[in-house]
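Quick caveat, the model's predicted, so the values are computed rather than measured. Basis for what follows: all heavy atoms, side chains included, without hydrogens, waters or symmetry-related copies.
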Amino acid sequence: MTRFGIGYDVHKLVPDRKLILGNVEIEHNLGLAGHSDADVLIHAIIDALLGAAALGDIGQHFPDTDAKFKNIDSGILLAEVCKLIREKNFSIVNIDSVIVAQKPKLAPHILNIRCRLSEIMQIEIDAISVKAKTEEGLGFTGKEQGISAYAVAAIER
């Protein structure tokens with residue numbers, strides 16, 4: 001039985017923060033604000049996986065009111081979710097994702113992001129798709145006020 005989940009996340013761009021996407025630090029003059037490292041891509045993937053397994057959402061498992069998650073590496077959270085998915089006798093079939101950002105250009109970083117996600121999730125890189133889109137100057141992402149990400153996960157028992 002194959003099950004699917006969808007995830008979405010958004011964070012505001014601010015000065016004096018690192019820009020982390022898919023557990024890869026990307027050179028940029030702004031970073032994402034958040035309780036953790038604000039990695040919108042990993043947060044969307046986490047919600048997609050949890051949704052596919054009907055296990056709630058990222059906020060239920062890693063609340064932003066808990067000090068132990070302050071500035072945490074989101075890769076650690078993703079690894080925990082993958083462990084939980086496997087404990088429920090599911091395997092991850094694939095992840096398809098989109099990062100929406102006007103800047104910086106993400107194409108040069110996609111392979112590194114996919115490699116890093118593959119390592120964290122312990123699945124083949126060919127099971128992970130990461131795409132980047134701009135909003136052609138429209139909306140909050142187009143005006144460079146934030147970055148968002150969408151993800152779909154397929155799991156099977």
Side chains of Leu32 and Arg17 in contact at under 4.5 Å (non-hydrogen atoms): no
Other residues, nucleotides, ligands: >12 heavy atoms within 6.0 Å of Glu87 CD: yes
Value rounded to 0.5 Å, distance of OG in Ser74 from CD1 in Ile58: 6.5 Å
Lys103 atom NZ: more than 12 heavy-atom contacts under 6.0 Å: no
Short side-chain to backbone donor-acceptor contact, Ser118 and Ile123, under 3.5 Å: yes
Test item: His61 side-chain N/O and Leu77 main-chain N/O as donor-acceptor pair under 3.5 Å: no
Leu84-Phe69 co-clustered via ILVMFWY side chain contacts under 4.5 Å: yes
CG (Asp16) with more than 12 external heavy atoms under 6.0 Å: no
Closest heavy-atom pair and its distance - Ala33, Ala38: O-CB, 3.5 Å
Distance in Å, Leu50 CG paired with Gln60 CD, rounded so as to fall on 0.5 Å steps: 8.5 Å
Plane angle bin for Tyr8 and Tyr150 - parallel if under 30°, tilted between 30 and 60°, otherwise perpendicular: tilted
hydrophobic_cluster_shared for Leu30 and Ile20, side chain cutoff 4.5 Å: no
Between CG on residue Leu21 and CD1 on residue Ile99, distance to nearest 0.5 Å: 5.0 Å
Minimal non-hydrogen separation, Ala132 against Ile110, with atom names: CB-CD1, 4.4 Å
Val40 with Ile120, same ILVMFWY side-chain cluster at under 4.5 Å: yes
Thr2 side chain vs Ile155 backbone, donor-acceptor pair below 3.5 Å: no
Gap between atom CZ of Arg114 and atom CD1 of Ile128 - 0.5 Å precision: 7.5 Å
No-hydrogen, no-angle side-chain donor-acceptor test under 3.5 Å, Asp9 and His43: yes
Pair Asp73-Asn23, side-chain donor/acceptor within less than 3.5 Å: yes
For the student: nearest non-hydrogen atoms of Ala151 and Ala48, plus distance: O-CB, 3.6 Å
N/O donor-acceptor pair under 3.5 Å between His11 side chain and Asp37 backbone: no
Validation row: Lys70, His35 side chains within 4.5 angstrom (heavy atoms): yes
From Phe4 atom CZ to Asp96 atom CG, the distance as rounded to the nearest 0.5 Å: 11.5 Å
From Lys131 atom NZ to Leu106 atom CG, the distance as rounded to the nearest 0.5 Å: 13.5 Å
Joint cluster assignment, Val98 & Ile46, ILVMFWY side-chain distance < 4.5 Å: no
4.5 Å side-chain heavy-atom contact, Asn94 and Ser129: no
Leu41 vs Leu117 side-chain heavy atoms within contact, under 4.5 Å: yes
same_hphob_cluster(Val10, Ile42) at 4.5 Å side-chain heavy-atom cutoff: no
Check: Gly137 main-chain N/O paired with Gln102 side-chain donor or acceptor under 3.5 Å: yes
Expected output: side-chain Glu119 to main-chain Arg116 donor-acceptor under 3.5 Å: no
For Ala52 against Ala153, the heavy-atom pair lying closest together: CB-O, 4.1 Å
Steps toward side chain to side chain contact (heavy atoms under 4.5 Å, CB included) verdict (Phe62, Val81): CA-CA 10 Å; Phe62 312 108; Val81 167; 3.7 Å; yes
Side chain to side chain contact (heavy atoms under 4.5 Å, CB included) evaluation trace for Ile95 with Val130: CA-CA 8 Å; Ile95 300 292; Val130 177; over 6 Å; no
